[in-house]
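Read the numbers this way: they start at 1 and go in the same order the structure lists the ligands and their atoms. If you're wondering where the values come from, they're calculated on a predicted model, not measured in any experiment. FYI, side chains are in, hydrogens and waters are out, and symmetry mates aren't considered; it's all heavy atoms of this structure.
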Amino acid sequence: MTGDKIPQRKISVCQPYLGGREMEYVTEALKDGWISSSGKYVTAFEEEFAKYCGVCHGIAACNGTVAIHLALVALGIKSGDEVIIPSFTMIATAAAVVYTGAKPVFVDADPLTWNIDVNKIEEKLTSKTKAIMPVSIFGNPCQMDEIRLLARKHGLSVIEDGAESHGAEYKGKKVGSLSDITAFSFFANKNLTTGEGGMVVTDDENLAQKCRYFKNLCFPLMGPRNYVHEDIGFNYRMSNLHAAIGLAQVEKADEYRKMRMHNADLYKQFLADVPGIVFQKDTQDSKNVHWMNSILLDPKKIGRNRDQLIEYLRSKGIESRRLFVGMHHQPCLSKAGCDVSGQYPVTENLTENGLYLPSASNLLEEDIRYICEQILGGLHV
Ligand SMILES: Cc1ncc(COP(=O)(O)O)c(C=O)c1O
């Protein structure tokens, strides 16, 4: 390879930021010998994260996907039921519904916020619908008043997939306190991470107890351990080592949130008013925590298509990614018997023309400036 082909910088699309007491807490857990799911950090992490969300109960799990499954099981979602989800989301949202035997039913995204289009939910409800599962996509809270109103009108539960939105707010309340039950992910690229991990949070004591019961193979929550199990449960426990990282992360949650939001402001500033580049819209009611800074390209206004831009950025040492593929295009969901017919034009557009830009909390301003300069340089070549 010739020297001039080697990019001068390498900026990954995301990386974890471990800027607090992670090492200290993990070391302590190791020294104490508490490396499985017993140990003080699991409880401390659950309590602190629930408090951060503004709710009473946190139930740690080993990843975000199973946290959603656990929440659905606690709500009693089962075979024959339907759950409304956005068509524009990550596959885990739909997969968790399929695990229960229920069917996910898709609703297209709103063209501005890229969240579930609340005006299109009602037409998808049937006598089998049991819950609505909004996803605060890329950290942008959904229009929860409208969603809760619809749920109340039709007697449905609201279970939020908050995997991407730690600390995001709607009308001054945090994601986690806006629904009957909410599931988070702490995967390595999330605003708060435990490496792999998840948590269910809720204010409902009964739902919390069910989550604790089902996540631990349905061992009785009280009384002697007699190894008699009334129900089939799951081993979705989080280890004390992961929770040690999680506690250190929650202690810094506000700081990390600010960093992520500041990065988003810089992207918007450096790419302001560029014809052909559209950002996800925050509503007046919400605080988007910008898990991933994403842009949508208008191919008619720019000289390159999305994949060409991704390739161009790669040649400049910048990693970017395509956005999610819509649920109606997922072969696994078709094979699982989900209805993948219907039109989802907003999702189609996001899938074809959207990309993630580097979004780690600790990106430097000069990195973001460099990325934006390369985008501008690469758009009309
Ligand atoms: C919207 C959404 N839901 C669920 C998940 C699943 O979380 P995990 O990877 O921790 O299983 C993710 C992960 O990125 C996600 O983005």
Side-chain angles (χ1 to χ4, degrees), residues 12-16 45 49 58-73 83-100 104 106-107 109-110 113-116 131-142 147 158-168 175-176 178-179 181-201 211 215 234-239 242-243 245-246 249 260 280 288-294 321-327 330 332-333 347 350-351 354-356 359-361:
S12 61
V13 77
C14 204
Q15 59 191 30
F45 179 38
F49 187 68
I59 302 95
C62 45
N63 59 62
T65 308
V66 303
I68 303 170
H69 182 215
L70 199 57
L72 287 161
V73 169
V83 178
I84 298 287
I85 69 165
S87 49
F88 184 65
T89 184
M90 194 255 192
I91 190 66
T93 316
V97 177
V98 173
Y99 298 165
T100 66
F106 318 131
V107 171
D110 176 277
T113 65
W114 307 351
N115 282 327
I116 191 164
I132 305 173
M133 179 155 38
V135 181
S136 24
I137 210 85
F138 306 147
N140 199 19
C142 299
I147 291 171
V158 181
I159 160 176
E160 186 160 2
D161 178 348
E164 304 174 354
S165 52
H166 320 72
V175 168
L178 302 164
S179 304
I181 191 163
T182 304
F184 289 91
S185 163
F186 298 109
F187 182 62
N189 62 12
K190 295 299 186 292
N191 292 18
L192 299 181
T193 183
T194 57
E196 296 281 357
M199 199 177 301
V200 179
V201 303
C211 286
K215 96 165 200 188
F234 315 95
N235 176 355
Y236 286 168
R237 302 183 298 254
M238 173 183 272
S239 84
H242 290 87
I245 300 173
Q249 290 271 300
R260 228 68 180 202
Q280 182 183 31
N288 183 346
V289 287
H290 297 280
W291 166 57
M292 282 285 167
N293 292 287
S294 311
R321 296 251 172 94
R322 294 172 168 196
L323 301 187
F324 301 133
V325 172
M327 296 302 102
Q330 300 293 346
C332 62
L333 296 179
T347 299
L350 289 164
T351 300
L355 69 153
Y356 298 118
S359 295
S361 301

Measure the acute angle between the ring planes of Tyr356 and Phe138, then classify it against the limits of 30° and 60° as parallel, tilted or perpendicular. perpendicular
Of Thr65, Val83, Val135, the residue whose pairing with Thr93 passes side-chain contact (heavy atoms from CB on, under 4.5 Å): Val135
Per-atom contacts of ligand 1 with Ala92, taking only distances under 4.0 Å to non-hydrogen atoms: 4 (C), 5 (C), 6 (C)
Does any N or O atom in Ser185 lie less than 3.5 angstrom from one in ligand 1, N or O only? yes
Using 30° and 60° as the class boundaries, would you call the ring planes of Phe184 and Phe49 parallel, tilted or perpendicular? perpendicular
Residues Glu164 and Ser136: side-chain donor-acceptor under 3.5 angstrom: no
Would you call the rings of His69 and Tyr99 parallel, tilted or perpendicular, taking 30° and 60° as the class edges? perpendicular
Measure from atom 13 (C) of ligand 1 to every heavy atom in Met292, Glu196, Lys190, Glu164 and give the option owning the shortest one. Lys190
With a cut-off of 4.0 Å, which atoms of ligand 1 are near a heavy atom of Gly64? 7 (O), 8 (P), 10 (O), 11 (O)
Who gets closest to atom 6 (C) of ligand 1 by heavy atom: Ile137, Asn63, Thr65, Thr93? Thr65
Among Ala94, Ala163, Ala188, closest by any non-hydrogen atom to atom 15 (C) of ligand 1: Ala163
Measure the distance from atom 3 (N) of ligand 1 to every protein heavy atom, then report the residue, atom name and distance (to 0.1 Å) of the closest one. Asp161 OD2, 2.7 Å
Nearest non-hydrogen protein atom, atom 12 (C) of ligand 1: Met90 SD, 3.6 Å
Of Thr182, Ile159, Leu70, which meets side-chain contact (heavy atoms from CB on, under 4.5 Å) against Val200? Leu70
Crowding at CZ, Arg237 (>12 non-hydrogen neighbours, <6.0 Å): yes
Could you see which bit of Val135 sits under 4.0 Å from ligand 1, with heavy atoms only: side chain, backbone, both or neither? side chain
